[in-house]
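Heads up: the structure comes next, in structure tokens.
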Amino acid sequence: MGEFICLINAVKKDKDNFELLVKKMEPLINKYVRLLYKDEREDMRSEFLLALWIAVSNISYYENEGQVVSYLSVALRNCYFELYKKSKK
């Protein structure tokens, strides 16, 4: 079983393990926070953490490591696009 699959299972069992998943996804979160430089960094970071939390809560079927990483990455990318559209207005 892959590392991300174990983390997802651990988070679903105990919500305190979410920090471990955040540490793994930190580079991608930081990338999107940097791209949204116009807004407050902490606010943007919390938006991405919320998107990650929702993605973990909604994921129900995963067969391999690639599916989990792809699902979480797409969730963060979609959050970035939504925040980018809001910041342009």
Side-chain angles (χ1 to χ4, degrees):
M1 206 181 282
E3 187 175 1
F4 277 94
I5 292 175
C6 291
L7 282 173
I8 294 291
N9 291 334
V11 169
K12 289 191 178 215
K13 289 179 185 173
D14 185 13
K15 293 169 181 40
D16 293 332
N17 292 322
F18 184 67
E19 291 178 31
L20 299 173
L21 182 62
V22 169
K23 287 185 188 224
K24 286 288 183 189
M25 298 300 290
E26 194 80 36
L28 188 59
I29 292 171
N30 288 338
K31 171 189 169 185
Y32 289 135
V33 168
R34 257 192 325 273
L35 291 173
L36 293 171
Y37 63 92
K38 296 177 185 174
D39 300 307
E40 293 290 320
R41 285 188 181 276
E42 286 303 313
D43 291 341
M44 293 298 105
R45 187 176 186 333
S46 54
E47 289 287 336
F48 286 113
L49 292 179
L50 178 62
L52 186 62
W53 177 258
I54 291 170
V56 168
S57 300
N58 289 341
I59 193 169
S60 58
Y61 174 76
Y62 39 91
E63 194 172 288
N64 59 36
E65 187 87 4
Q67 289 175 334
V68 174
V69 173
S70 176
Y71 186 84
L72 298 177
S73 299
V74 167
L76 290 174
R77 185 179 62 211
N78 289 342
C79 180
Y80 165 74
F81 286 137
E82 287 177 23
L83 293 171
Y84 181 73
K85 285 179 187 177
K86 287 180 186 178
S87 73
K88 284 184 78 173
K89 290 183 180 178

### Message
Checking F4 against Y62 for the side chain to side chain contact (heavy atoms under 4.5 Å, CB included) test, could you report, in this order, the C-alpha distance in whole Å, the side-chain angles of both residues, the deciding distance, and whether it holds?
### Response
CA-CA 10 Å; F4 277 94; Y62 39 91; over 6 Å; no
### Task
Measure the spacing between CG of L76 and CE of M25 and express it to the nearest 0.5 Å.
5.0 Å
### Query
For the residue pair L36 and Y84, what are the closest heavy atoms and their distance?
CD2-CA, 3.8 Å
### Query
Between E3 and E65, what is the shortest heavy-atom contact and its length?
N-OE1, 3.1 Å
### Message
Could you see if L20 belongs to whatever hydrophobic cluster contains L28? Use Ile, Leu, Val, Met, Phe, Trp, Tyr and a side-chain cutoff under 4.5 Å.
### Response
yes
### Message
What verdict does the side chain to side chain contact (heavy atoms under 4.5 Å, CB included) test give for V68 and L7, after you've listed the backbone C-alpha separation in whole Å, the side-chain angles of each residue and the deciding distance to 0.1 Å?
### Response
CA-CA 10 Å; V68 174; L7 282 173; over 6 Å; no
### Message
Minimum heavy-atom separation for K12 and V56, please, with both atom names.
### Response
CE-O, 3.4 Å
### Query
Linking I/L/V/M/F/W/Y whenever their side-chain heavy atoms sit closer than 4.5 Å, directly or via other members, would F81 and V74 fall into one cluster?
no
### Query
Atom OG in S60, atom CD1 in I8: separation rounded to 0.5 Å?
11.5 Å
### ILVMFWY network linking I54 to M44, side-chain heavy atoms under 4.5 angstrom
no
### Message
Minimum heavy-atom separation for L49 and I29, please, with both atom names.
### Response
CD2-CD1, 3.9 Å
### Message
Classify the ring geometry of W53 against F18: parallel below 30°, tilted from 30° to 60°, perpendicular beyond 60°.
### Response
perpendicular
### Derivation and outcome, side chain to side chain contact (heavy atoms under 4.5 Å, CB included), residues E40 and R45
CA-CA 9 Å; E40 293 290 320; R45 187 176 186 333; over 6 Å; no
### Message
Between D14 and N17 (side chain of the first, backbone of the second, donor and acceptor by atom type, cut-off under 3.5 Å), is there such a pair?
### Response
no
#### Entry: Heavy-atom check, side chain of D16 versus side chain of V11, under 4.5 Å
no
### Message
Assess whether a salt bridge exists between E19 and K24, defined as any Lys/Arg side-chain N lying under 4.0 Å from an Asp/Glu carboxylate O.
### Response
no
### Query
What closest approach, in Å, do A55 and A75 show between heavy atoms, and which atom pair accounts for it?
CB-CB, 3.6 Å
### Task
Give, for atom CG of L50 and atom SG of C79, the distance between the pair rounded to the nearest 0.5 Å.
7.5 Å
### Message
Just verifying a value: how many Å separate L21 CG and L52 CG, rounded to the nearest 0.5 Å?
### Response
5.0 Å
### Task
Check the pair K86, E47 against salt bridge (charged side-chain N to carboxylate O under 4.0 Å, His left out), reporting the backbone distance first and the verdict last.
CA-CA 13 Å; K86 287 180 186 178; E47 289 287 336; 5.9 Å; no
### Message
Please find the pair of heavy atoms, one from S46 and one from D43, that lie closest to each other, and give the distance.
### Response
OG-O, 2.8 Å
### Message
Before you tell me yes or no, could you show the steps for E82 and Y80 under side chain to side chain donor-acceptor pair (under 3.5 Å), namely the whole-Å CA-CA distance, both residues' side-chain angles and the distance that decides it to 0.1 Å?
### Response
CA-CA 5 Å; E82 287 177 23; Y80 165 74; over 6 Å; no
### Query
Just wondering, do F48 and L83 contact through their side chains at under 4.5 Å, heavy atoms?
yes
